[in-house]
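Being a predicted model, the structure only gives us computed values, none of them experimental.
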Amino acid sequence: EVVVGDIVLVETGDEVPADGQLLECTDLQVDESSLTGEPLANKKLEVRGERLENTAYPANILLRSSMVMSGSGCYVVTAVGDKTEIGHVARQATELTDVKTPLNLQLSRLAKMISKVGGAVATASFLLFLGHDMLTNPLWLHSTDYLAMLEIVLRYFMMAVTLIVMAVPEGLPMAITLALALNMRRMLKSNNLVRKLQASETMGAVTCICTDKTGTLTQNKMTVVEMRNERNEGNGVPLELYKAIAVNTTATHDVGNPTEQALLRWLMERGVDYQKIREEHPITARQPFSTERKYMTTTCGKTTYIKGAPEVVMDMVTPSDLFQFTEAKEQLLHWQQHAMRTLAIAKDKSLLAIVAISDPLREEVPTAISQCRQAGIDVKIVTGDTKETALEIARQIGIDGKSVTGSEFAALSDEEALNIVGDLRVMSRARPTDKQRLVALLQQRGEVVAVTGDGTNDAPALNRAHVGLSLGSGTSVAKQASDITLIDDSFQSIVQAVMWGRSLYKNIQRFIFFQLVVNVAALLLVLFGSFIGTELPLTITQILWINLIMDTFAAMALASLPPSREVLQEQPRNQQAFIISRAMFRGIAVIGGLFFIGLGAICWMIEKHPILVAVHLGLSPIQAQTVFFNIFVMLQWWNLFNARMLGSCHSAFRRLWACEGFLIVLALVLMGQWLIVTFGGQMFRTVPLSLEIWTYIIIGTSPVLWIGEIYRWIQRKWKTQDM
């Protein structure tokens, strides 16, 4: 019912219904945490001469969804509904973005490469073989049997189609989805609830994390860090100090001003029942806190208790012999330099204590930040808190670099902002639009950005980022805009997510390596078979079985590999880099080529010298074809061990027993192959083989693993010498 131009009155406990400009106010404090993440903001009519970096929003502006914590005011409405600041935040938190994950980009490039190579090879082969047939076959020169000619063309065309089918790793999409799903389930055990499937892999490519401060780096719970009283606390706390804290407040330990809640919790930690003290000391007068006075007083009988800003309270009282003002001021200065809130508590004309209050760091944060840096990930703090507090938190967790306020950042042009975001480490007094703009500029620089946050104000940036990380204790708006929810609110869970993501990407590379070795060998065999005039070296049903075990089973084996903490010692991968590295390409070409040479020689012997095979090996044509099929499968079976160790110089037997899923799949493939060979019959063009032949095949194909082991052993030796 509120419209632009309306005059609205607000007081303690009210929710501000629309954006507007203050006309009148008295001791007005509002909670703007839904927009800035920080609980209290002081409001006043005049803002002339005020530094912009002191506040996220002007002090004479009230914003929809903020809560009035104390005081009262009157303002004129300037924006309602979607036009308000919170309306902009809500829209940006839910709008669709065109940000593509690094994996999507890399797989698109792989698909284009495979389609071009497969199409080129198939077309060239079709033209080559058809041309050769036309030059050597008299049918094309003298015959009018056009049906026979068409049959030849169709045969070569079908060969070309077969080449395309063999070139495309059609199981790759299924393998990647399976790997992502398995990773999603496993990450849940490390307190990472993956809400969007691709996010579990994208975390492995992250190069920059923009983190909120309150609730993410800190506990979001104001706590008394230190209290100095006239007896220096170590020798006991004066009873009057307990009374001063219990009586001179309008809060309870879980409701009210966060600073006053912290004082009451301090009492409770010492076994003091503040409610009982209040009942025993009835209040006769109270002067509430105001931003102008900067203190509050409460009178019980003839005793007046005072609490407020130290510089104000200490001017109202006199020093005691036990509590020297000089020492107190030095201590206060030290606390303030470390971005702590300070208070002074007094009774009548006597100073009772000075207090330091802050939102403490989460214990695991410094270690987690260090691990992120070691992994090559840049961490930036983006908070609605003051510049001093943000810089102090950055110092405590080991982040050092350029800082800027939200208003200063907003004043920069896109070009100017783009030049500084790389070196930027801390942004204070940030608004939702500032954080979202920072993320967009970092992405423009080629960074893969993750954003952490727990509040509604974080939602636009969470939605814009490559990976949005909300907290389990955060708002529903933040969770809906995010890709992953950190169930335990721990920054350490982010490190775990990076480890899982990087390990998953390596597993996908392992599958691609393994699959393309199979495809290269099969592709060359089909070409070779057409060249020597044989039928397909492998039947359609055999190819289907090979696709099943080499796609589905191999994907399960490699996707189930456990993560390795070694990946956290590496730098983030280049998202523009091709998913098939040079080392992978060499391995695919060499191993696929060697497989083809060996299998091609066997195919040649079976096709051109069947009598020799029968006499010297004692194999009938159908037995020889079964042996060929078995050898093809067992070569790939042994190569699974090499694929598992892709990119590593360690032995294939290292931590092998920890890979339960991998071992189960190996056993299933071996058992399945035996069943197909033994009972496949005409459907699979196989006959049962003796144990002796099985032994020869398994041992004869095992050099695939042993040569890989020798190669990795040489790599380890070279690596040791380099060190």
Testing the basics here: between Gln509 and Ile579, what is the closest heavy-atom pair and its distance to 0.1 Å?
NE2-O, 2.9 Å
Donor-acceptor contact present, side-chain Trp638 to main-chain Pro703, <3.5 Å:
no
Measuring only between side-chain heavy atoms, which start at C-beta, is Phe632 closer than 4.5 Å to Val518?
yes
Nearest non-hydrogen partners of Ala465 and Asp483, listed with the distance
O-OD2, 4.4 Å
Salt-bridge present (Glu566, Arg502; N to O < 4.0 Å)
no
Mind checking salt bridge (charged side-chain N to carboxylate O under 4.0 Å, His left out) for Arg644 and listing every partner two or more places apart, or none if nothing turns up?
none
Glu363, Glu364, Arg362 screened by side-chain hydrogen bond (donor to acceptor under 3.5 Å, both in side chains) with Ser490, the one that passes:
Glu364
Closest non-hydrogen contact found for Leu471 with Lys479 is O-CE, 3.4 Å
Is any side-chain heavy atom of Met203 less than 4.5 Å from a side-chain heavy atom of Ile494?
yes
Are the side chain of His466 and the backbone N or O of Val448 linked by a donor-acceptor pair below 3.5 Å?
no
Leu675, CG: over 12 other non-hydrogen atoms inside 6.0 angstrom:
yes
Contacts table for residues 106-114: side-chain donor-acceptor under 3.5 angstrom, sequence neighbours left out:
residue	atom	partner	partner atom	Å
Gln106	OE1	Tyr505	OH	3.4
Gln106	OE1	Arg573	NE	3.4
Gln106	NE2	Tyr505	OH	3.3
Gln106	NE2	Ala577	O	2.9
Ser108	OG	Asn104	O	2.8
Arg109	NH1	Gln576	O	2.4

State, without any angle test, whether Gln673 and Trp545 hold a side-chain donor-acceptor pair at a distance under 3.5 Å.
yes
Say whether, by atom type as modelled, one donor and one acceptor occur between the side chain of Asp489 and the main chain of Gly472 under 3.5 angstrom.
yes
Hey, what's the ring geometry for Phe653 with Phe641, parallel, tilted or perpendicular (30° and 60° as the breaks)?
tilted
Should Glu570 and Lys506 be marked as a salt bridge (charged side-chain N to carboxylate O under 4.0 Å, His left out) after you check the CA-CA gap, both sets of side-chain angles, and the distance that decides it?
CA-CA 12 Å; Glu570 303 170 3; Lys506 285 187 177 291; 3.8 Å; yes
